[in-house]
Novice: 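Could you have a look at this structure, given as structure tokens, before my questions?
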Amino acid sequence: MDDRRRGHHPRKAPPPGLVLTPEFFARPSDEVGPDLVGKVLWRAGVGGGRLTEVEAYLPTGDPACHAAIGRTPRNASMFGPPGCVYVYRSYGVHILLNLVCDAEEVGSAVLVRSFEPLNDAEPLRQNRGIAGGGDPRAVSCGPGRVGQALGLRLDLDGLPLGEESGLFVIDDGARPEVGVATRVGISQGDDLLLRYYMRGSRFISRAPRTI
DNA sequence: TAAACGATTAGCT
DNA sequence: GCTAATCGTTTAT
């Protein structure tokens, strides 16, 4: 007998809720960012969890934004339609996930930095090479860990959220208190308050610096 | 064509 | 706290 016939959701199914559509993302990333905190990021067949930390990157006045230099082969998907993903390699090692915001051609996105695993975290752990146990924060705190846990690859770059990418963002009704802080790992625009995190959560990659 | 540089992490001190 | 690993993109020559 499978999970469905036992009367509850299969282990690999996302939590029930409203799947966010492109309209949600068709706003500036500094509006989308705080609204994403507390939503559920899910990869079909793998799993996911509740977003605890994201960063907005703005098309103007933000030198840290990849789109600031204009459209290039690498950042092209940032200029694509809202609700698509911008996936790129960082430091030659890590795969980082962004969700494209605002209107097409604008060049605005939100970087996913951390989430708190929901339901069965074991597939995420296996992708991370830490199956079995240990600090749950090691699973998906930090943008490189997020990409590895979800099993992301560069060929997802530019695909829309949904069946094509296997990536979904779900509103399950949670409304956490959202904190604001400076962004991480950048040398320019590091004074801008564009990092959004879930207050009280332990699943934050770097402690917010109080201004 | 060459060199520098990361929206980072893991491991060691 | 410090640094190696690692490679595609960007910039300089």
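Note that this is a predicted model, so its numbers are computed, not measured. Labels below follow one simple rule: chain letters A, B, ... track the order of the sequence lines, proteins then strands, and each chain is numbered from 1.
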Novice: Indicate, with a heavy-atom threshold strictly under 4.0 Å, whether A/R128 touches base, sugar-phosphate, or nothing.
Specialist: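 Sugar-phosphate: the residue A/R128, judged by heavy atoms under 4.0 Å, touches backbone atoms but no base.
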Novice: Can you tell me if A/Y91 is stacked onto the base of C/dA5, using a 5.5 Å centroid cut-off and an angle below 30°?
Specialist: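 Stack criterion not met.
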Novice: Search all heavy atoms of A/L193 against all heavy atoms of A/Y196 and return the closest pair with its distance.
Specialist: O-OH, 4.0 Å
Novice: Between atom OH in A/Y88 and atom P in C/dT10, what is the gap in whole Å?
Specialist: 12 Å
Novice: Should the side chain of A/H94 and the base of B/dA7 be counted as holding a donor-acceptor pair, with the cut-off at 3.5 Å?
Specialist: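 No pair found.
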Novice: How many whole angstroms separate atom CD of A/E55 from atom P of B/dG6?
Specialist: 15 Å
Novice: Looking at C/dT11, I'd like to know if its phosphate oxygens (OP1 or OP2) sit under 4.0 Å from a side-chain N or O belonging to A/R74.
Specialist: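 For A/R74, the contact criterion (side-chain N or O under 4.0 Å from OP1 or OP2 of C/dT11) is not met.
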Novice: Can you measure A/L154 atom CG to C/dT6 atom P for me and round it to whole angstrom units?
Specialist: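 One finds 17 Å between P of C/dT6 and CG of A/L154, rounded.
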Novice: With a non-hydrogen cut-off below 4.0 angstrom, is A/N98 in contact with a base, only sugar-phosphate, or nothing?
Specialist: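 Counting heavy atoms under 4.0 Å across all strands, the contact made by A/N98 includes a base.
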Novice: Does the side chain of A/R113 get closer than 4.0 angstrom to OP1 or OP2 of B/dT8 through an N or O atom?
Specialist: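 Yes, within the criterion.
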Novice: At 4.0 Å (heavy atoms only), tell me whether A/I186 reaches a base, stays on the sugar-phosphate, or touches nothing.
Specialist: sugar-phosphate
Novice: Just jot down the ring pair (Phe, Tyr, Trp, His ring centres under 6.0 Å) partners of A/Y88, sequence neighbours excluded, or say none.
Specialist: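 With neighbours one apart ignored, the set is A/H66, A/Y86.
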Novice: Using the side-chain heavy atoms of A/V93, tell me which of these nucleotides is nearest: C/dT6, B/dA7, C/dC7.
Specialist: C/dT6
Novice: What's the shortest heavy-atom distance between A/S29 and A/L58, and which atoms?
Specialist: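 For A/S29 and A/L58, the tightest heavy-atom pair comes out as OG-CD2, 3.4 Å.
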Novice: Taking only the side-chain heavy atoms of A/I69 (C-beta and beyond), determine which of C/dG8, C/dT11, B/dA7 contains the nearest atom.
Specialist: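 The listed nucleotide nearest to A/I69's side chain is C/dT11.
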Novice: Measuring only the P atom in each nucleotide, how far is C/dT6 from B/dA2? A whole number of Å is fine.
Specialist: 22 Å
Novice: Regarding A/R89 and the six-membered ring of A/Y91, is the cationic atom NZ or CZ under 6.0 Å from the ring centre and inside 45° of its axis?
Specialist: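 That pair does not qualify as a cation-pi contact.
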Novice: Select one nucleotide: of C/dC7, B/dT9, B/dT8, the one nearest the side-chain heavy atoms of A/R145.
Specialist: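 Ranking C/dC7, B/dT9, B/dT8 by closest atom to the A/R145 side chain puts B/dT9 first.
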Novice: Can you tell me how far CH2 of A/W42 sits from CG of A/L161, rounded to the nearest 0.5 angstrom?
Specialist: 15.5 Å
Novice: Side chains of A/E116 and A/S201: is there a donor and an acceptor less than 3.5 Å apart?
Specialist: no
Novice: Would you sketch DNA chain B in dot-bracket for me? Only Watson-Crick or G-U wobble pairs with both distances under 3.5 Å count, crossing pairs as [ ], other-strand pairs as |, the rest as dots.
Specialist: ||||||.|||||.
Novice: Rounded to the nearest Å, what distance is computed from the CZ atom of residue A/R89 to the C1' atom of nucleotide B/dC5?
Specialist: 16 Å
Novice: Would you say that more than 12 heavy atoms from the other residues, nucleotides or ligands in this model lie under 6.0 Å from the CZ of A/R206, or not?
Specialist: no
Novice: Scan A/R183 against the nucleic acid and name what it touches under 4.0 Å (heavy atoms): base, sugar-phosphate only, or nothing.
Specialist: nothing
Novice: Calculate the interatomic distance between A/N75 atom CG and C/dT10 atom C1'; express it in whole Å.
Specialist: 11 Å
Novice: Within the 3.5 Å criterion, strictly below it, is a donor on A/S205 or A/R113 matched to an acceptor on the partner's side chain?
Specialist: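 Short answer, yes.
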Novice: Just how far, in rounded Å, is C1' of B/dA7 from CG of A/D30?
Specialist: 17 Å
Novice: How many Å lie between OH on A/Y86 and P on B/dA7, as a whole number?
Specialist: 9 Å
Novice: Side chain of A/T72 only, please: which of B/dA7, B/dG6, C/dT10 is the nearest?
Specialist: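 Selected nucleotide: C/dT10.
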Novice: Nearest whole angstrom, please: distance from the P of B/dT8 to the CG of A/L152.
Specialist: 16 Å
